[in-house]
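So the structure is just underneath, and the comments pick up after that.
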Amino acid sequence: MESFSLILAIVVVTALAFDFTNGFHDTANAMATTISTGALKPKVAVAMSAVLNLVGAFLSVEVANTISKGLVDEAGIRPEVIFAALVGAILWNLLTWLVGLPSSSSHALMGGLIGATVASAGFGAVHGDVLVTKVLIPAIAAPLVAGLAAMFATRLTYRMNRKAAGSKASEKGYRAGQIASAGLVSLAHGTNDAQKTMGIITLALVAGGTLAPDSDPPMWVIVSAGIAIALGTYLGGWRIIRTMGKGLTDLQPQQGFVAQTSAATVILASSHLGFSLSTTHSVSGSVMGAGLGRKGGVVRWSTATRMFVAWGLTLPAAAIVAAIAEWVCGFGSWGTALVAVFLITSSAAIWKISRREVVDHTNVNDTDDTTGTDAPGEEQSGVVTAAMAAVAPPPAGPVTEELSATIPAPADPATPPARTTV
């Protein structure tokens with residue numbers, strides 16, 4: 001290394017902190033359905049996912065190169081810009097984790113990088129073609145492709161196993177398949193998401209003059225990014241696991257197996273092509289598709305709508321926070337220190353708020369309205385539901401005492417009808 005300044009060290013540490021939040025924020029992508037169906041115990045599931053995330057980090061660097069070489073101009077990007085980008089991404093990850101919404105850590109990072117770059121060097125420093133083809137289009141296509149694949153595969157699975165449905169052998173087989181597919185998703189997550197941190201650190205090293213332009217991530221960057229995301233995964237983002245496993249739909253082992261296999265296929269294919277794909281979008285789409293694929297299955301659209309809103313806000317919200325952070329960092333060392341203090345203070349405050357209602361491996365499969373998720377099999381009543389209930393006819397069956405008081409008594413046959421005078 002030619003040089004390693006203080007600001008560069010701060011950027012690397014902050015990037016690894018983002019990677020850590022990415023790990024516990026996105027654990028649900030791999031293990032939520034496995035935990036919700038009981039295929040694996042919660043702590044065993046996150047431990048398995050952590051190991052496979054670490055292994056996946058060493059399989060490819062294509063996504064890392066998309067981040068470090070393709071999205072923004074390396075020339076003119078200072079380490080402070082990357083630090084500001086990471087601030088926006090970390091805060092968005094923590095906020096969405098607090099409310100239990102599965103949003104995209106990848107898009108938070110992309111949004112932060114774009115916002116900070118625009119604030120520093122203008123819109124011309126962002127490669128719009130790369131943003132559209134390798135970030136935005138996959139963001140829309142991934143959940144649709146994974147969802148449709150999971151829906152049709154679920155229907156086919158139930159049709160092919162109609163006779164064996166409900167048998168212990170069938171349930172056991174699907175649970176084993178679900179464990180294998182969950183491992184594949186974890187491997188794919190490490191391959192795709194750990195690389196994003198590798199790319200951002202590599203970009204910082206180029207900006208700081210430590211690496212030559214167009215360099216691949218050094219081995220120490222690959223190792224540190226893999227370890228950081230594995231540690232975060234082992235911690236377990238239990239709030240988001242609850243939403244993904246129970247809040248969107250109720251899954252049987254067959255559906256869990258199909259959902260994870262569909263998502264893993266999409267994620268691994270995108271990693272090979274260098275697309276900065278959101279694993280959250282892919283897995284969420286496949287879970288909803290699997291829910292719709294089973295006869296009688298439902299998707300809780302109240303939860304899904306909140307999730308869609310979070311997806312739409314991720315890029316702009318992280319970009320705005322990062323742009324403001326970059327503006328403050330522009331005042332010099334004291335500005336950078338102020339942003340660092342703000343990040344640490346805000347993160348500590350979010351953590352303290354989360355302790356008011358603890359969600360962990362002991363209660364992750366519990367669902368009620370106090371946690372922001374619906375009870376199993378129920379959908380929260382909305383305006384349309386309430387209006388329909390108001391105009392619905394009274395239920396058939398025995399007449400209640402309160403209702404009978406409003407119905408006139410039948411006339412006595414011995415009593416002549418009253419005469420009406422005009």
Side-chain angles (χ1 to χ4, degrees), residues 17-33 67 85-115 131 135-136 138-144 146-147 185 189 192-194 196-197 200 229 232-233 235-249 263 266-267 270 275-288 299-322 343 346-347 350-351 353-354 359 371-373:
F18 165 78
D19 205 24
F20 180 80
T21 66
N22 190 354
F24 74 74
H25 192 278
D26 289 2
T27 307
N29 295 334
M31 290 299 171
T33 60
I67 304 299
L86 291 166
V87 169
I90 290 173
L91 289 179
W92 182 255
N93 270 359
L94 293 177
L95 284 172
T96 50
W97 164 78
L98 179 64
V99 297
L101 282 178
S103 69
S104 171
S105 297
S106 306
H107 288 181
L109 181 59
M110 298 298 98
L113 184 58
I114 292 168
L131 174 64
V135 178
L136 297 182
I140 299 172
L144 292 176
V185 174
H189 183 261
N192 198 282
D193 278 43
K196 292 157 189 170
T197 300
I200 209 74
I229 200 169
T233 301
L235 180 65
W238 303 110
R239 293 171 180 269
I240 300 177
I241 289 176
R242 171 182 284 185
T243 300
M244 189 81 81
K246 291 290 187 180
L248 277 176
T249 185
V266 172
I267 295 166
S270 68
F275 291 145
S276 182
L277 185 70
S278 168
T279 54
T280 302
H281 290 188
S282 302
V283 175
S284 299
S286 65
V287 167
M288 287 188 284
V299 171
R300 298 187 181 91
W301 293 111
S302 58
T303 302
T305 300
R306 293 194 295 269
M307 186 176 66
F308 294 152
V309 171
W311 289 4
L313 291 176
T314 298
L315 273 169
I320 291 172
V321 173
L343 174 62
S346 301
S347 301
I350 293 172
W351 174 260
I353 293 171
S354 73
V359 180
T371 61
T373 56

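The residues of the chain are indexed from 1 along the displayed sequence. Hydrogens, waters and symmetry mates are skipped; everything else that's a heavy atom, side chains included, is used.
In this structure, CD1 on Ile229 lies 11.0 Å from CZ on Phe20, to the nearest 0.5 angstrom. Taking CG of Leu109 as the reference point, atom OG of Ser105 lies at 9.0 Å (rounded to 0.5 Å). Atom CZ of Phe308 and atom OG1 of Thr303 lie 10.5 Å apart (nearest 0.5 Å). For the atom pair CD1 (Ile350) and CG (Leu95), the distance works out to 4.0 Å, reported to the nearest 0.5 Å. Taking CG from Leu101 and CZ from Arg239, the interatomic distance works out to 11.5 Å, rounded to the nearest 0.5 Å. The structure places CG of Leu315 at 6.5 Å from CG of Leu136, a figure rounded to the nearest 0.5 Å.
By the side-chain hydrogen bond (donor to acceptor under 3.5 Å, both in side chains) test, Thr96 is found to be paired with His25, Ser103, residues two or more places apart in sequence or in another chain being considered.
Here the shortest heavy-atom pairing between Ser282 and Ala146 reads O-CB, 3.4 Å. Nearest heavy-atom pair across Trp238 and Val359 is CB-O, 3.4 Å. Closest heavy-atom contact between Thr314 and Ala108: CG2-N, 3.3 Å. Here the closest heavy-atom approach between residue Ile90 and residue Ser347 is recorded as CG2-OG, 4.5 Å.
The aromatic rings of Trp97 and Trp351 lie parallel to each other, with less than 30° between the two planes, well short of the 60° mark.
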For Trp301 and Met288, run side chain to side chain contact (heavy atoms under 4.5 Å, CB included): C-alpha distance rounded to whole Å, both residues' side-chain angles, the deciding distance at 0.1 Å, then the answer. CA-CA 10 Å; Trp301 293 111; Met288 287 188 284; 4.2 Å; yes

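Although no hydrogens or angles enter the test, the distance criterion places a donor-acceptor pair under 3.5 Å between the side chain of Ser286 and the main chain of Val283. The main-chain N or O of Pro102 is found under 3.5 Å from a side-chain atom of Trp311 such that the two form a donor-acceptor pair.
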